[in-house]
Amino acid sequence: MPRDGYLYTREVLGLEPGQRARVRGWVYRYRDLGSKVFIVLRDPEGILQLVASEEHSPREVLEEARRADIEASIEAEGVVARDPRAPGGVELRLDKLRVVGESHDFPIKGGEGIDYLLDNRHLWIRSRKLTLIWRIRHTALQAFREYFEKHGFWEVSPPILTQAAVEGGATLFKVDFFGDTAYLSQSAQLYLEALIYGLEKVWSLTPSFRAERSRTRRHLYEYWHLEAEEAWARMEDEMRTVEELVAYATKKILDERLEELEQLRQKPERLEPATKTPYPRLDYDEAIARLQKKGFDVAFGDDFGADEERALGEDYDTPFFITFFPLKIKAFYMKEDPERPDRARAFDLLVPGVGEIVGGSEREDDYEKLVQHIKMHGLDPRDYEWYLDLRRYGSVPHSGFGLGVERYLMWITGADHIRDTIPFPRFRDRLYP
RNA sequence: GCCGCCGUAGCUCAGCGGGUAGAGCGCCGGGCUGUUAACCCGGUGGUCGGUGGUUCGAAUCCACCCGGCGGCGCCA
């Protein structure tokens with residue numbers, strides 16, 4: 001046993017009555033009944049009731065048990081007993097107990113408001129609910145990495161400090177760079193595009209920073225951005241990559257984190273359809289027509305807001321794509337559709353209840369067109385010299401996308417706010433802790 | 001950037017036709033041999049977010065400021 005003979009609570013639940021067990025963890029519940037003390041121990045795998053009593057514990061164990069306040073860390077040893085009155089039906093009757101780190105008057109007791117909880121985020125993150133989410137997050141990140149590994153993508157490390165905006169400058173965080181101005185990256189995309197010329201298929205997982213001043217349950221100022229870029233891939237190829245990636249991760253989570261999902265009261269059936277591809281494709285024109293039919297005042301050239309996304313999501317029980325957005329409302333680097341020059345070869349992936357989790361496109365690989373689009377968006381081509389070089393030297397058709405990890409996790413875990421999918425969420429006016 | 005709502009005890013809140021502050025939980029002390037957010041008895045606890053104004057008198061009315069929350073736009 002690599003844990004010095006200590007078992008996880010989950011392992012103790014599987015032991016036979018009469019067997020000895022050593023456990024360690026934190027005090028989740030504490031009740032003193034006089035000559036008997038109940039301690040519910042919490043560890044990463046679950047909870048287990050410990051009992052110290054005059055009946056079958058040495059006097060010093062009972063005394064030590066009275067020091068085991070909520071969230072104290074403890075080591076304990078005793079005999080396994082079955083008892084229907086214990087949570088999980090099994091408890092440990094103690095003959096050894098040591099309070100390792102005391103905890104008096106733990107600030108979170110239940111019922112607190114969101115402001116208070118966010119001020120105590122460093123303590124809140126150990127809660128059972130948030131711990132379940134961190135475990136699912138871990139498996140999601142592992143699944144993303146596995147998918148790319150299995151499909152010939154190279155993991156690369158783009159810079160976080162950058163010089164220019166990817167999509168316009170108003171939402172960038174400024175950083176002093178020895179007297180010059182640097183910006184925190186909003187997207188690795190342009191750098192990934194440079195890397196495909198050597199590696200063909202690349203991906204990265206980086207923090208992205210957006211000073212958007214958004215006040216919604218779907219926005220973070222610092223979020224984890226999963227991005228990929230593929231040479232030779234057309235928009236249709238990239239959409240297949242996206243749906244296979246999302247389906248792969250969702251399936252792995254259903255396979256390996258089912259218990260966590262159930263403890264979060266999420267019905268696995270909700271996610272089951274998303275493990276099958278292809279996902280539905282909804283053409284932008286069709287989306288507009290459908291919205292008009294639902295009574296929305298929209299026309300070609302409009303972008304979809306939260307209400308529109310929600311209304312479109314009503315028709316699906318899986319993630320779904322919206323394709324071929326108007327060129328004008330999309331970023332300068334997106335490829336103009338040769339058959340309909342007013343449209344971009346761009347797509348979003350939306351999930352019911354959350355909205356957009358992926359944005360992607362075929363990139364404009366034609367030098368002249370790219371310059372024209374940069375100007376059309378009111379930008380200066382001279383600011384994009386290195387990026388334009390990529391079209392001067394061996395330009396190639398290519399496509400890519402970006403996925404918001406926390407948005408994806410919102411959908412998976414059913415979290416009603418994005419702050420619950422990342423341990424230390426960053427918002428305007430909240431940098432502590 | 002825009003639109004709403006909220007700041008009273010450690011926490012969650014009540015009090016707001018103006019008269020000097022309350023509850024529940026927590027915490028502290030005591031009791032209890034089966035607790036499950038344990039229970040019972042007793043105790044502790046506040047510059048009512050800040051500043052200025054109206055008034056004999058302001059938690060309460062007015063103005064400004066600060067802090068927070070929810071939503072929109074924008075995005076992932």
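No experiment lies behind these values; they were computed from the predicted model shown.
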Whole-Å distance between [N] [atom2] and [X] [atom1]?
X	N	atom1	atom2	answer
A:D32	B:rG34	CG	C1'	13 Å
A:E309	B:rG73	CD	C1'	12 Å
A:W224	B:rC75	CH2	P	24 Å
A:R66	B:rG31	CZ	C1'	12 Å

Stacked pair A:F38-B:rG34, distance under 5.5 Å, angle under 30°: no
Side chain of [X] only, heavy atoms from C-beta on: which candidate in [options] is closest?
X	options	value
A:D115	B:rU35, B:rG68, B:rC74	B:rG68
A:R217	B:rA76, B:rU35, B:rG70	B:rG70
A:R407	B:rU35, B:rC75, B:rA37	B:rC75
A:D105	B:rG26, B:rU12, B:rU33	B:rG26

Does [N] have a Watson-Crick or wobble partner in any strand here, with both distances under 3.5 angstrom, and which is it?
N	answer
B:rG34	none
B:rC72	B:rG1
B:rA63	B:rU51
B:rA21	none

Which part of the nucleic acid, if any, lies within contact of [X], taking any heavy atom under 4.0 Å across all strands shown: a base, the sugar-phosphate backbone alone, or nothing?
X	answer
A:R128	nothing
A:S35	base
A:H417	sugar-phosphate
A:D83	base
A:E406	nothing
A:G110	nothing
A:E91	base
A:I108	nothing
A:R218	base
A:A86	base
A:V37	nothing
A:L33	base

Any donor-acceptor N/O pair under 3.5 Å between [N] base and [X] side chain:
X	N	answer
A:K109	B:rG26	no
A:H219	B:rC74	yes
A:R215	B:rG70	yes
A:E112	B:rG10	no

Which residue lies more 5' along RNA chain B, comparing A:R29 with A:V40 via nearest heavy atoms: A:V40
Pairwise 5' ranking along RNA chain B for A:F427 and A:H104, keeping only the more 5' one: A:H104
Ring center gap for A:W124 and A:Y116 short of 6.0 angstrom: no
A:Y384 ring center within less than 6.0 Å of A:F332 ring center: yes
A:F148 and A:W203 aromatic ring geometry - parallel, tilted or perpendicular at 30°/60° bounds: parallel
Aromatic plane relationship, A:F209 with A:F173 - under 30° parallel, 30 to 60° tilted, over 60° perpendicular: perpendicular
Under 4.0 angstrom between A:R419 side-chain N/O and B:rC69 OP1 or OP2: no
Separation between the P atoms of B:rA21 and B:rG45, rounded to whole Å: 14 Å
Spacing of the C1' atoms in B:rU51 and B:rC40 (rounded, Å): 48 Å
Stacked cation flag A:R24 on A:Y6, 6.0 angstrom / 45 deg: yes
Quiz item: cation-pi between A:R31 and A:F38, 6.0 Å / 45°: no
ring-ring contact (aromatic ring centres under 6.0 Å, His included), paired with A:Y284, selected from A:F304, A:F324, A:F321: A:F304
